[in-house]
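Positions are given from 1 along the sequence. A quick note: this is a predicted structure, and the numbers were derived from the prediction, not measured. One-based numbering, in listed order, for ligands and for the atoms of each.
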Amino acid sequence: MMEKKILLTFDYELFLGSKSGSVDNCLIIPTDMLLNVMERHQAEAIFFVDTTYIMRMCELEDSNINVKRDLEKIKQQLIRIVKSGHKICHHIHPHWIDAQYVEVENQWNLSNDEHYCVETLSEEQKTQIFDFSVSFLSEIMSVAGVEYDCCGYRAGGLHIEPFAAVKNDFARCGISEDFSSEALIENITESYRFEESTLSPATDGRFIEHPISRIRIYGLRKILNGVFYRLTKRSPKYQKFGEGIPSVPKKAEHQISHGKLEFSLPISIELLTPVLLPYYKKLLKRYSYIHFLSHPKLQSKATIELFDSFLKFYGRN
Ligand SMILES: [Zn+2]
């Protein structure tokens, strides 16, 4: 039998629009709950840390006590993460370089999204951002006393193409595995190698792509799921922990788009509902490769409970 590969990945980040939300609600509280659930089921995950955000915090920490406190909480949580056996890897949202810190709210405004995509940066900016990411992640691991190569990367907004824009930075920083492309689960069975672009697999390529799994939702399941969302909209248990305002997504050309009749979703913990849980369980039996893409900030008490029952089921099968 083929080995099952379930990848649990999280984007460890604030909101990326006009209000970032707070560190406690977007990161610390939901991540601790997720870590507790995973500990119970001995599940391991990869956390993609938005290090350009951390870079901006480092610039302000000496002049602002709130930023310093937030940064310290993040570092402590990341240390817990790696000590518990999870991995931390690079996640780069370049438009953090233009973010404005709003002191009265202790939040950030990221309305300026001119540098949303990495290819809009100068070589110097790219070098600064990638090098910071490497040094920050290695600092966390050395404090935690854990050793492994942080060779994984997820592009902000999943904009990995054009790959040429980051290829040199990958090579310089020892990054060899990308987790940014998306594919329908029925079309992908495993990770693959590439060299010039994630869109053209190459058996002797130096890089590995781990595509994010998407599922098609249609028919009765889609209707029931919609009804479920309407019914629980005001229920406190279903309120997201994070309170920020998201960025307007910029779709890259290669990203999956769907018409009115077709509807596809990433496999994600925040999208789990009692309607979809049995479907996720069925997928687990049918496919050998499933790549979850989730965000602590988008969890609610209810989605974390559903994640708990999913892992319980996974452990039994
Ligand atoms: Zn992100």
Quiz item: Within a reach of under 6.0 Å around NZ of Lys301, are more than 12 heavy atoms found that belong to other residues, nucleotides or ligands?
Solution: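 Incorrect, the count does not exceed 12.
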
Practice problem: Count the heavy atoms belonging to other residues, nucleotides or ligands that lie under 6.0 Å from NZ of Lys240, then report whether that count exceeds 12. | Solution: no

Quiz item: Would you say His90 and Ile175 make side-chain contact, with heavy atoms under 4.5 Å?
Solution: yes

Self-check item: Ser264 side chain reached by Ile215 side chain, heavy atoms, under 4.5 Å
Solution: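 Of all side-chain heavy-atom pairs linking Ser264 with Ile215, none is under 4.5 Å.
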
Self-check item: Pairs satisfying side chain to side chain donor-acceptor pair (under 3.5 Å), at least one member in residues 36-58, at least two apart
Solution: Asn36-Arg80, Glu39-Arg80, Arg40-Asp308, His41-Asp308, Asp50-Trp96, Thr51-Ser133, Arg56-Glu59

Exercise. Check which protein N, O or S atoms are less than 2.8 Å from the Zn ion (ligand 1) and report how many there are.
Key: 3

Quiz item: Is Lys297 close enough and on-axis enough to Phe15, meaning under 6.0 Å and within 45°, for cation-pi?
Solution: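 The answer is yes; both the distance and angle limits are met.
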
